[in-house]
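To start, the structure itself, in structure tokens.
In what follows, every heavy atom counts, from backbone to side chain, and hydrogens, waters and symmetry copies are set aside. As the structure lists them, so they are numbered: ligands from 1, and atoms in each ligand from 1.
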Amino acid sequence: MHSVFEVLTTNRMKHVEMNRNIMENELNIDWSSLPFGYMPTDYNVRCYYRDGKWGEIEVSTSETIDLHIAATSLHYGQEIFEGLKAFRGKDGKVRVFRMEENAKRIANSARGLCMVPVPEKLFCEMVEKVIRLNARFIPPYGSGASLYIRPLEIGITPSVGVRSATEYCFIILVTPVGPYFKTGFKPTNICIMRQYDRVAPQGTGRFKTGGNYSAGMKSNEHAHELGYSSVLFLDPKEKKYLDECGPANFFAIKNGVYITPASDSILPSVTNNSIMQLCRDMGIEVQARHITVDELAHVQEAGACGTAAVISPINEIDDLDTGVKYKVATDGQPGPVSTELYHKLRAIQLGEEEDTHGWNTIIEGI
Ligand SMILES: *Cc1c(COP(=O)(O)O)cnc(C)c1O
């Protein structure tokens with residue numbers, strides 16, 4: 001006995017399968033000019049938590065969800081997400097970068113927002129499945145593009161009273177994204193503005209939740225209006241130490257040492273964690289600690305790091321409240337350490353360099 005839903009899904013899938021076959025040769029994407037944006041793909045995968053347990057993995061061709069108008073995610077922000085990438089390597093194999101770390105992090109975010117965590121095994125199984133289903137959207141090696149994987153979890157229980165949901169929906173969508181640096185790996189200017197905070201001192205900064213992004217939008221827009229690519233937030237309690245750099249972690253190279261802010265309000269970046277390991281491998285000392293604003297006068301390189309760009313080098317940091325401009329890249333070019341770290345990480349992701357830490361999961365047969 002099939003439920004109506006299953007029959008509908010099956011019919012729709014047959015239809016998509018037909019379209020897919022027709023379109024197979026029509027997937028005419030200019031991979032290297034793709035933006036970092038959303039492009040429809042063939043499938044997404046979903047799983048629901050109901051009656052105290054996670055259900056079966058569902059494959060969907062729909063780009064929308066049917067959500068109760070009183071769902072806790074809509075009213076009280078019970079939403080968490082992740083971002084990771086799959087790459088077609090030099091040897092033709094498909095690699096996902098540090099998927100288990102993202103599985104652990106979203107479970108941690110869930111606990112932080114009183115949501116039910118997705119089991120790590122289920123997370124990884126769904127990542128693999130959605131990649132396989134959309135294999136034709138994995139950009140070719142050499143294009144600089146990759147398949148961006150976006151898992152998200154939302155509370156779906158209707159509730160007007162403030163309480164956590166008892167039912168959840170976990171979805172993974174994928175979309176091909178272009179190379180982050182279209183005009184090359186060029187340093188940009190960022191600013192410090194004390195009138196905005198991204199998160200509260202003991203708040204949700206260390207969880208990957210949409211609310212942190214909406215809280216940062218005003219400042220981000222303001223920075224853009226003033227010609228800066230990002231805001232370098234200060235710690236929300238004392239406004240003394242460097243914190244998150246827009247939606248990315250901050251780092252600097254000071255007298256040959258890799259320094260990065262240690263703070264309870266920062267999201268632990270998988271990219272930053274990987275770069276710190278690469279530094280240790282290269283014999284570069286790593287310090288995760290408080291960094292004061294004035295220390296910026298003594299750094300030789302600075303950058304923001306995250307999955308989207310790996311490293312975005314920083315040219316100048318303008319403190320808009322004191323008027324001090326910290327010129328980091330004296331010749332306007334990315335520094336040697338940032339450049340080496342960037343290329344090393346990319347090389348591991350693309351299978352050009354040995355994956356000595358076992359960071360990649362190879363998806364066989366696609
Ligand atoms: C996602 C994110 C990062 C970067 O994390 P990665 O795992 O390296 O992609 C940094 N800061 C914030 C606020 C983020 O949401």
Contact list for residues 261-287, test ring pair (Phe, Tyr, Trp, His ring centres under 6.0 Å), sequence neighbours left out: none

Distances only, to 0.1 Å: what are the N or O pairs between ligand 1 and the protein that fall under 3.5 Å?
{"from": "ligand 1", "atom 1": "7 (O)", "to": "Arg105", "atom 2": "NH1", "distance (Å)": "2.8"}
{"from": "ligand 1", "atom 1": "7 (O)", "to": "Arg105", "atom 2": "NH2", "distance (Å)": "3.1"}
{"from": "ligand 1", "atom 1": "7 (O)", "to": "Val270", "atom 2": "N", "distance (Å)": "2.9"}
{"from": "ligand 1", "atom 1": "8 (O)", "to": "Ser269", "atom 2": "OG", "distance (Å)": "2.6"}
{"from": "ligand 1", "atom 1": "8 (O)", "to": "Val270", "atom 2": "N", "distance (Å)": "3.4"}
{"from": "ligand 1", "atom 1": "8 (O)", "to": "Thr271", "atom 2": "N", "distance (Å)": "3.0"}
{"from": "ligand 1", "atom 1": "8 (O)", "to": "Thr271", "atom 2": "OG1", "distance (Å)": "2.6"}
{"from": "ligand 1", "atom 1": "9 (O)", "to": "Thr307", "atom 2": "N", "distance (Å)": "2.9"}
{"from": "ligand 1", "atom 1": "9 (O)", "to": "Thr307", "atom 2": "OG1", "distance (Å)": "2.6"}
{"from": "ligand 1", "atom 1": "11 (N)", "to": "Glu244", "atom 2": "OE1", "distance (Å)": "3.4"}
{"from": "ligand 1", "atom 1": "11 (N)", "to": "Glu244", "atom 2": "OE2", "distance (Å)": "3.3"}
{"from": "ligand 1", "atom 1": "11 (N)", "to": "Pro247", "atom 2": "O", "distance (Å)": "3.3"}
{"from": "ligand 1", "atom 1": "15 (O)", "to": "Lys208", "atom 2": "NZ", "distance (Å)": "2.7"}
{"from": "ligand 1", "atom 1": "15 (O)", "to": "Tyr213", "atom 2": "OH", "distance (Å)": "2.5"}

Could you tell me whether the side chain of Asp235 and the main chain of Lys240 form a donor-acceptor pair under 3.5 Å? yes

Name every donor-acceptor pair, under 3.5 Å, that has one atom in a side chain of residues 112-128 and the other anywhere in the protein, sequence neighbours excluded.
{"from": "Glu128", "atom 1": "OE2", "to": "Arg132", "atom 2": "NH2", "distance (Å)": "3.4"}

Check Asp197 with Lys239, please: is the shortest side-chain N to carboxylate O separation under 4.0 Å? yes

According to the interplanar angle, ranging from 0 to 90°, do the rings of Phe251 and Tyr258 count as parallel (below 30°), tilted (30 to 60°) or perpendicular (above 60°)? parallel

In a table with atom names and distances, give each donor-acceptor pair under 3.5 Å that connects a side chain of residues 138-152 to protein atoms at least two apart or in another chain.
{"from": "Tyr141", "atom 1": "OH", "to": "Glu352", "atom 2": "OE2", "distance (Å)": "2.5"}
{"from": "Ser143", "atom 1": "OG", "to": "Pro140", "atom 2": "O", "distance (Å)": "2.7"}
{"from": "Ser143", "atom 1": "OG", "to": "Ala145", "atom 2": "N", "distance (Å)": "3.2"}
{"from": "Tyr148", "atom 1": "OH", "to": "Arg150", "atom 2": "NH2", "distance (Å)": "2.9"}
{"from": "Arg150", "atom 1": "NE", "to": "Glu82", "atom 2": "O", "distance (Å)": "2.9"}

